[in-house]
2 protein chains.
Amino acid sequence: MAKQTGKHVETDDGKRSWGIGELAREFGITSRTLRVYEEEGLLDPQRDGTRRIYNERNRVRLRLILRGKRLGWSLSEIRESFDLYDSSLGEQAQLELMLSKLEQRRETLIAQRRDIDSALQDLQRVESNARQSLREIRATQGKQQRAASGARQ
Amino acid sequence: MAKQTGKHVETDDGKRSWGIGELAREFGITSRTLRVYEEEGLLDPQRDGTRRIYNERNRVRLRLILRGKRLGWSLSEIRESFDLYDSSLGEQAQLELMLSKLEQRRETLIAQRRDIDSALQDLQRVESNARQSLREIRATQGKQQRAASGARQ
DNA sequence: CATGTGGTTGACGTTAACGTCAACGTAAGG
DNA sequence: CCTTACGTTGACGTTAACGTCAACCACATG
């Protein structure tokens with residue numbers, strides 16, 4: 001049995017668990033979103049009757065989901081990666097297939113990092129450009145100020 | 001005037017230019033997509049009558065668009081970044097605003113790179129795990145083979 | 001001239017990833 | 001017992017980013 005204390009939930013074995021709203025607030029999403037993730041097979045919280053109860057493992061999963069989203073992955077891509085990570089390390093053929101998929105993932109991640117680096121370089125160029133203009137503007141203003149204070153003497 | 005030679009287009013000043021289908025094929029997208037990007041204000045090809053003519057500058061833009069997409073940006077985020085890069089470096093206040101926006105972009109890019117790195121680490125763990133299982137399986141198979149060849153003697 | 005190739009606009013369809021809302025259940029507290 | 005907070009399922013709405021299709025235009029070629 002699980003007892004509810006205000007907002008969060010605790011199970012008998014002392015391990016912390018969370019209600020849907022609580023988890024949603026913590027991660028800045030809505031409970032609707034958590035239900036969608038469950039429908040898509042990305043999360044499988046336990047139930048207390050009809051209510052969903054999330055444990056630490058679910059939280060880890062959720063963090064991975066949100067990281068995937070930040071990297072622009074679709075929910076099904078995220079599920080595929082879970083399938084990859086969870087796969088039971090069975091036969092040789094399966095393992096080799098898995099390794100090739102992992103290699104492919106790595107390559108796209110590295111390509112993405114290259115994209116980021118080049119975007120950061122572009123950004124750097126624009127930024128130093130802007131800083132230069134700013135310095136020039138400030139220099140001009142300084143001149144004007146010095147001229148004005150000189151005229152007052 | 002632009003003359004059409006088979007698939008691609010050349011202008012009088014000798015600078016290369018491209019038709020919509022040609023460009024689409026080269027970048028692995030459809031012409032429909034190019035028109036959408038234009039509607040969204042991300043591209044502005046010249047026209048020869050009604051026909052779109054893309055120049056080198058348009059191609060650079062397109063590369064930036066596709067890089068943005070690979071990083072998971074929306075079209076409007078991409079447009080914002082263009083606006084940022086194209087802004088005319090006018091007054092001081094505008095420049096300072098621009099710098100703060102650039103700084104913000106940089107932070108999200110760096111955060112994204114951290115996400116990638118941690119994803120790569122996870123991947124590395126799973127991979128060495130799988131390699132280990134594979135070695136064990138092969139070792140077992142080797143034993144069996146050696147046993148079998150021993151039995152044949 | 002007919003046909004093919006490649007382009008145009010405009011309208012409508014589609015998919016993913018949620019948001020929104022209605023109708024209802026359930027436990028705690030006053 | 002009534003209210004309040006929190007949860008449930010189910011249905012429908014919405015937005016972005018295209019795909020698909022129809023009807024049309026323009027040029028080159030056999």
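Chain letters run A, B, ... following the sequence lines, proteins first and then strands; every chain starts at 1.
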Salt bridge check, [Y] against [X]: does any charged N sit closer than 4.0 Å to a carboxylate O?
X	Y	value
B:Glu80	B:Lys101	no
B:Glu91	A:Arg138	no
A:Arg35	A:Glu39	no

Report each atom pair, protein N/O against N/O of nucleotides 22-24 of chain D, whose distance is under 3.5 angstrom.
none

Once base and sugar-phosphate atoms are separated, protein heavy atoms under 4.0 Å mark nucleotides 13-19 of chain C, 5' to 3', with B, S and - as ----SBB
#### Entry: Passing candidate, side-chain contact (heavy atoms from CB on, under 4.5 Å) with A:Ile53, options A:Asp48, A:Ile20, A:Leu23
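Result for side-chain contact (heavy atoms from CB on, under 4.5 Å) with A:Ile53: A:Asp48.
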So salt bridge (charged side-chain N to carboxylate O under 4.0 Å, His left out) across residues 56-65 of chain A, not counting sequence neighbours, yields A:Glu26-A:Arg59, A:Glu56-A:Arg59, A:Glu56-A:Arg63, A:Arg61-A:Asp86
Check nucleotides 24-26 of chain C for protein N or O atoms closer than 3.5 Å to its own N or O atoms and list the pairs.
unit_1	atom_1	unit_2	atom_2	d
C:dG25	N2	A:Arg51	NH2	2.8

Sequence neighbours excluded, the answer for side-chain hydrogen bond (donor to acceptor under 3.5 Å, both in side chains) partners of B:Asp122 is A:Arg67, B:Arg125
Original post:
Can a donor-acceptor pair be found between the side chains of B:Gln132 and B:Arg135 at a distance below 3.5 Å?
Top reply: yes
For D:dG7, take OP1 and OP2 only and decide whether either is under 4.0 Å from a side-chain N or O of A:Arg52.
->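 For D:dG7, OP1/OP2 do not have a side-chain N/O of A:Arg52 under 4.0 Å.
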Where B:Leu62 and B:Phe27 come nearest, the two heavy atoms and their spacing |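 Shortest heavy-atom contact: CD2-CD1, 3.6 Å.
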Its dot-bracket string being built from Watson-Crick and G-U pairs below 3.5 Å, with | for another strand and [ ] for crossing, DNA chain D has the pattern ||||||||||||||||||||||||||||||
